[in-house]
Protein chains: 2
Amino acid sequence: VAILPQPILEVIESLSSLPGIGPKSASRLAFHLLRLDDNTLKRFGTQIQDLKNNLVTCQRCQNIASNDPCDICRDSSRNQSILCIIEDALDVVALEKAGHFKGHYHVLHGLLSPIDGIGPAQLKIAELEKRLQTEKIQEVILALNPTVEGEATVLYLTKRIGALISVKITRLAHGLPVGADLEYADEITLARALEGRRIVKSSE
Amino acid sequence: VAILPQPILEVIESLSSLPGIGPKSASRLAFHLLRLDDNTLKRFGTQIQDLKNNLVTCQRCQNIASNDPCDICRDSSRNQSILCIIEDALDVVALEKAGHFKGHYHVLHGLLSPIDGIGPAQLKIAELEKRLQTEKIQEVILALNPTVEGEATVLYLTKRIGALISVKITRLAHGLPVGADLEYADEITLARALEGRRIVKSSE
């Protein structure tokens with residue numbers, strides 16, 4: 001498509017590199033952008049440029065946030081004794097929307113996946129261990145996707161946490177269809193999965 | 001989703017406003033952007049900001065281009081006597097990819113659609129009339145989408161051009177499925193549609 005001017009080609013190329021956007025969709029999106037008024041276009045570009053500028057990692061839960069500690073970690077009305085371990089920030093959004101969980105979170109920023117070179121050192125597991133040793137946690141919920149990587153991470157964390165402290169470890173009930181993605185689950189399914197969580201290892 | 005920091009929410013909102021991107025896709029895209037390295041993210045933002053900066057409208061064919069006149073209008077090897085009228089720049093890309101047409105283009109930048117407030121004055125029809133009066137054009141191809149708006153525009157232009165000059169007016173053959181979009185047609189279908197173009201009004 002050397003028929004199009006360079007600036008349009010560049011935007012199409014960048015858009016095509018995003019997940020789920022093919023070359024045809026990218027072209028349509030680029031031409032949609034061309035039809036936006038100048039201010040809207042500038043604002044959109046600036047938003048993308050500045051996306052990371054005002055974001056920090058909460059040193060407690062490791063979530064991406066506007067401030068450190070984040071609003072959830074600051075919230076004294078939440079139950080300090082239950083810690084929910086999730087893969088990424090969108091899972092926090094999904095669980096908060098479900099509205100059923102009132103404890104704290106710990107974001108791993110990924111799941112174990114040796115094929116992709118993601119081992120325990122690439123995840124926020126050292127930070128998790130520090131929390132488990134310093135905070136008075138009575139239950140750890142492993143709210144990970146029911147995929148191969150999620151299962152592997154559940155097994156690994158169960159063993160590692162169990163070796164560290166005596167704590168109840170639970171996982172989400174199989175209300176989630178196996179192979180699906182946690183963040184796409186509806187609120188009710190997520191709430192059920194939380195209610196029906198099973199003990200992987202009791203604290204005794 | 002007030003759980004997410006403001007900069008992420010803003011990007012999600014802007015992405016959601018794009019055609020074909022819902023709130024869930026927008027969230028996933030925003031988190032994909034967060035995982036890009038700083039340089040890639042800055043470059044993407046800059047590309048969007050600068051998208052329109054180096055673009056001009058070719059004063060001959062009205063296409064969006066890097067220079068005026070555009071590369072196609074400058075190309076002396078193309079047939080100056082055949083003018084292909086299309087809705088927008090993506091149709092030029094589609095026809096150029098089909099590789100069958102070697103004449104010139106005129107971009108209307110839309111189709112007649114009274115419901116949306118798009119009348120002849122909103123399209124590049126005055127510019128088209130000027131070209132028809134000054135250039136030695138022997139055939140006008142109305143390569144417009146076979147939709148209600150496309151049909152209306154074909155009828156209107158046939159009448160208006162016919163009143164202005166004596167010229168052969170053709171339209172693309174119905175190789176295109178009715179209701180579909182020209183720019184999604186495959187190369188062969190587009191080439192067939194060009195070969196089988198029918199006379200709407202002969203030059204006599």
Side-chain angles (χ1 to χ4, degrees), chain A residues 1-8 10-15 17-21 24-25 27-36 38 40-56 63-67 70-72 88-90 92-97 109 181 183-184, chain B residues 1-8 10-15 17-21 24-25 27-36 38 40-56 63-67 70-72 88-90 92-97 109 181 183-184:
Chain A
V1 274
I3 311 130
L4 290 172
Q6 196 59 28
I8 303 180
E10 284 174 7
V11 166
I12 291 175
E13 202 192 313
S14 289
L15 287 169
S17 73
L18 299 177
I21 297 183
K24 287 253 171 178
S25 311
S27 300
R28 300 220 103 190
L29 289 174
F31 275 84
H32 178 86
L33 292 176
L34 272 176
R35 282 189 287 266
L36 295 179
D38 290 2
T40 309
L41 192 66
K42 286 261 181 263
R43 195 171 60 232
F44 185 31
T46 309
Q47 282 170 355
I48 288 173
Q49 284 191 326
D50 296 348
L51 179 58
K52 288 184 184 175
N53 290 1
N54 295 309
L55 295 180
V56 291
N63 199 4
I64 300 154
S66 305
N67 32 48
C70 72
D71 293 345
I72 291 176
D88 62 32
L90 281 176
V92 177
V93 176
L95 286 163
E96 286 298 295
K97 269 183 160 173
H109 288 281
D181 208 337
E183 71 195 65
Y184 285 115
Chain B
V1 275
I3 311 131
L4 291 172
Q6 195 60 27
I8 302 180
E10 283 174 8
V11 166
I12 291 175
E13 201 192 314
S14 289
L15 287 169
S17 75
L18 299 178
I21 298 183
K24 288 253 171 178
S25 312
S27 300
R28 299 221 103 188
L29 289 174
F31 276 84
H32 177 85
L33 291 176
L34 271 176
R35 283 189 287 265
L36 295 179
D38 290 2
T40 309
L41 193 66
K42 286 263 181 264
R43 194 170 61 233
F44 185 32
T46 309
Q47 282 170 356
I48 289 174
Q49 284 190 328
D50 296 348
L51 179 59
K52 288 185 185 176
N53 290 1
N54 296 310
L55 296 179
V56 291
N63 199 2
I64 300 154
S66 306
N67 32 48
C70 72
D71 293 345
I72 292 175
D88 61 33
L90 281 177
V92 176
V93 176
L95 286 162
E96 286 298 296
K97 269 184 162 173
H109 288 280
D181 209 336
E183 72 194 64
Y184 285 115

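In this text, all values refer to a predicted model and were calculated from it rather than measured experimentally. Proteins come first, then strands; the chains are lettered A, B, ... in the order of their sequence lines, and each starts at number 1.
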Does some side-chain heavy atom of A/Asp50 sit less than 4.5 Å from a side-chain heavy atom of B/Pro7?
no
Once rounded to the nearest 0.5 Å, what's the spacing between atom CG of A/Leu36 and atom OG of B/Ser14?
9.0 Å
Which region of B/Leu51, side chain (C-beta onward) or backbone (N, CA, C, O), has a non-hydrogen atom less than 4.5 Å from a non-hydrogen atom of chain A, or is it both or neither?
both
Quick check for you: among A/Ile21, A/Asn54, A/Ile48, which has the greatest number of heavy-atom pairs under 4.5 Å with chain B?
A/Ile48
Nearest 0.5 Å please: distance from the NZ atom of B/Lys52 over to the CG atom of A/Asp38.
4.5 Å
Contacts of B/Glu96 that satisfy side chain to side chain contact (heavy atoms under 4.5 Å, CB included) - sequence neighbours left out
A/Ile3, B/Ile72, B/Arg78, B/Val92, B/Tyr105
Determine the minimum heavy-atom distance between A/Ser17 and B/His32, stating which atoms define it.
O-NE2, 4.0 Å
Given that the side chain runs from C-beta out, which part of A/Leu34 has a heavy atom under 4.5 Å from chain B: side chain, backbone, both or neither?
both
Segment of A/Leu33 engaging chain B (4.5 angstrom heavy-atom cut-off):
both
Please list, chain by chain and in numerical order, all residues satisfying side chain to side chain contact (heavy atoms under 4.5 Å, CB included) with B/Asn67, sequence neighbours excluded.
B/Asp71, B/Arg74
Let me know if A/Arg43 has heavy atoms under 4.5 Å from chain B in its side chain, its backbone, both or neither.
neither
Identify which part of A/Ile64 has an atom lying under 4.5 Å from any heavy atom of chain B, answering side chain, backbone, both or neither.
both
Per-residue contact mode, B/Asn53 against chain A (heavy atom under 4.5 angstrom)
side chain
Is chain B contacted by the side chain of A/Thr46, its backbone, both, or neither, given a heavy-atom distance below 4.5 Å?
both
Tell me, side chain or backbone of A/Glu13 under 4.5 Å from chain B's heavy atoms, or both, or neither?
neither
Below 4.5 Å, heavy-atom pairs only: which of A/Arg35, A/Gln47, A/His109 has the largest tally toward chain B?
A/Gln47
Determine whether B/Ser27 and A/Val93 satisfy the following criterion, side-chain contact (heavy atoms from CB on, under 4.5 Å), listing intermediate values before the conclusion.
CA-CA 10 Å; B/Ser27 300; A/Val93 176; over 6 Å; no
Could you tell me which non-hydrogen atom of A/Pro5 sits nearest to which non-hydrogen atom of B/Ala65, and how far apart they are?
CG-CA, 3.6 Å
